[in-house]
Amino acid sequence: MQFSKGRVRGGGDGSGPSDGHHEARGPAPTDMPGDVPFDDPWYDALASGWGEAGTVAVPVPVPAARQGQGPGPDGDLAAAEVYLEVQRSPAFQEVRSRYRRFVVPATVAFFLWYVAYVVAATAAPGLMARPVVGAVNVGLLAGLGQFLSTFLLTWAYARHARLRRDRAALELRWDTQELTRGARGGAA
């Protein structure tokens with residue numbers, strides 16, 4: 001017999017299967033406000049304790065924004081307008097374009113380097129097996145080059161972010177916080 005929120009599922013009462021398997025019966029009746037129906041695709045039955053003997057799941061309250069309620073009295077709508085205004089600003093567009101100017105070419109170059117390594121390992125095994133020094137061959141050096149290029153790309157990204165984007169992004173963050181505080185009436 002398995003229990004869920006005090007309700008018996010299956011077992012020897014003749015109302016359901018006795019082998020422990022459950023049938024889909026549609027939404028379960030709710031016992032408490034905020035109770036999650038069992039046909040909810042986002043409801044993880046095992047994680048919540050449903051189906052385990054002697055356990056009772058405790059409902060998690062849903063935030064007001066997820067219940068379909070609009071912005072609260074603290075000016076969330078005005079704050080959203082501030083964020084949209086900042087997003088349209090030339091400073092934000094500049095930070096975003098600096099990010100893209102680095103990330104897009106670096107991603108394309110790294111992906112091409114990786115694909116070239118895989119294709120060479122598959123299509124040209126003679127080339128990859130060519131010895132360089134002792135037991136070290138071209139394939140081993142290219143494989144180690146993958147690790148080296150990953151570390152170099154990470155270093156280059158961090159350096160680019162530190163030198164070209166972080167200061168401008170921090171200034172945008174401070175400006176946005178100040179504008180949001182003003183939109184909410186000074187409360188923060």
Side-chain angles (χ1 to χ4, degrees), residues 2 4 17 19-24 36-53 55 57-58 60 62-63 65-66 76 79-181 188:
Q2 297 187 0
S4 175
D19 61 354
H21 296 321
H22 303 286
E23 296 177 5
V36 179
F38 293 110
D39 64 342
D40 185 353
W42 299 105
Y43 180 72
D44 188 357
L46 293 179
S48 67
W50 188 80
E52 297 174 11
T55 60
V58 178
V60 178
V62 178
R66 304 245 356 242
D76 288 341
E81 291 172 5
V82 166
Y83 283 106
L84 288 174
E85 179 184 331
V86 169
Q87 185 179 7
R88 292 183 200 111
S89 72
F92 181 84
Q93 297 301 324
E94 178 63 25
V95 169
R96 201 161 83 173
S97 69
R98 288 179 185 178
Y99 170 78
R100 287 182 179 161
R101 279 190 301 237
F102 179 84
V103 168
V104 171
T107 302
V108 170
F110 188 79
F111 182 73
L112 290 175
W113 159 233
Y114 175 75
V115 169
Y117 170 71
V118 172
V119 168
T122 306
L127 171 69
M128 299 298 266
R130 183 173 293 158
V132 176
V133 175
V136 177
N137 59 21
V138 173
L140 181 63
L141 290 178
L144 292 173
Q146 290 287 315
F147 287 104
L148 180 63
S149 63
T150 301
F151 291 122
L152 287 175
L153 184 60
T154 303
W155 170 80
Y157 175 81
R159 183 176 186 276
H160 181 269
R162 185 181 70 245
L163 295 177
R164 306 205 190 271
R165 292 191 325 263
D166 285 352
R167 183 169 304 218
L170 185 61
E171 289 174 5
L172 274 172
R173 183 181 302 152
W174 281 109
D175 293 344
T176 304
Q177 288 177 352
E178 290 299 319
L179 289 171
T180 309
R181 281 189 193 110

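Rounding to the nearest 0.5 angstrom, the gap separating the CZ atom in Arg98 from the CG atom in Leu163 is 11.0 Å. Of the inter-residue distances, the one linking Leu144 atom CG with Ser149 atom OG reads 10.5 Å to the nearest 0.5 angstrom. The OG1 atom of Thr107 sits 8.5 Å away from the CZ atom of Phe102 when rounded to the nearest 0.5 Å. Separation of atoms CG (Leu153) and NE2 (His160) is listed at 11.5 Å; rounding is to 0.5 Å. Residue Thr122 holds its OG1 atom at 8.5 Å from CE of Met128, rounded to the nearest 0.5 Å. Rounding to the nearest 0.5 angstrom, the gap separating the CZ atom in Arg181 from the OG1 atom in Thr176 is 11.0 Å.
Between Asp175 and Val86, the closest side-chain pair of non-hydrogen atoms is not below 4.5 Å. In this structure the side chain of Arg173 reaches within 4.5 angstrom of the side chain of Leu170, judged on heavy atoms.
Just one residue in the list Trp113, Tyr114, Phe110, Trp155 forms a side-chain contact (heavy atoms from CB on, under 4.5 Å) with Thr150, and that residue is Phe110.
Using a cutoff of 4.0 Å between basic side-chain nitrogens and carboxylate oxygens, Arg164 and Glu94 are not scored as salt-bridged.
Gln87 contributes no side-chain N or O that, together with a main-chain N or O of Val82, makes up a donor-acceptor pair within less than 3.5 Å.
No more than 12 heavy atoms of other residues, nucleotides or ligands sit less than 6.0 Å from atom CZ of Arg167. Residue-environment remark: OH (Tyr117) exceeds the threshold of 12 foreign heavy atoms within 6.0 Å.
Nearest approach of Ser89 to Leu172, heavy atoms of both residues: OG-CD2, 4.2 Å. Closest of all the heavy-atom pairs between Val95 and Ala169 is CG2-N, 4.1 Å.
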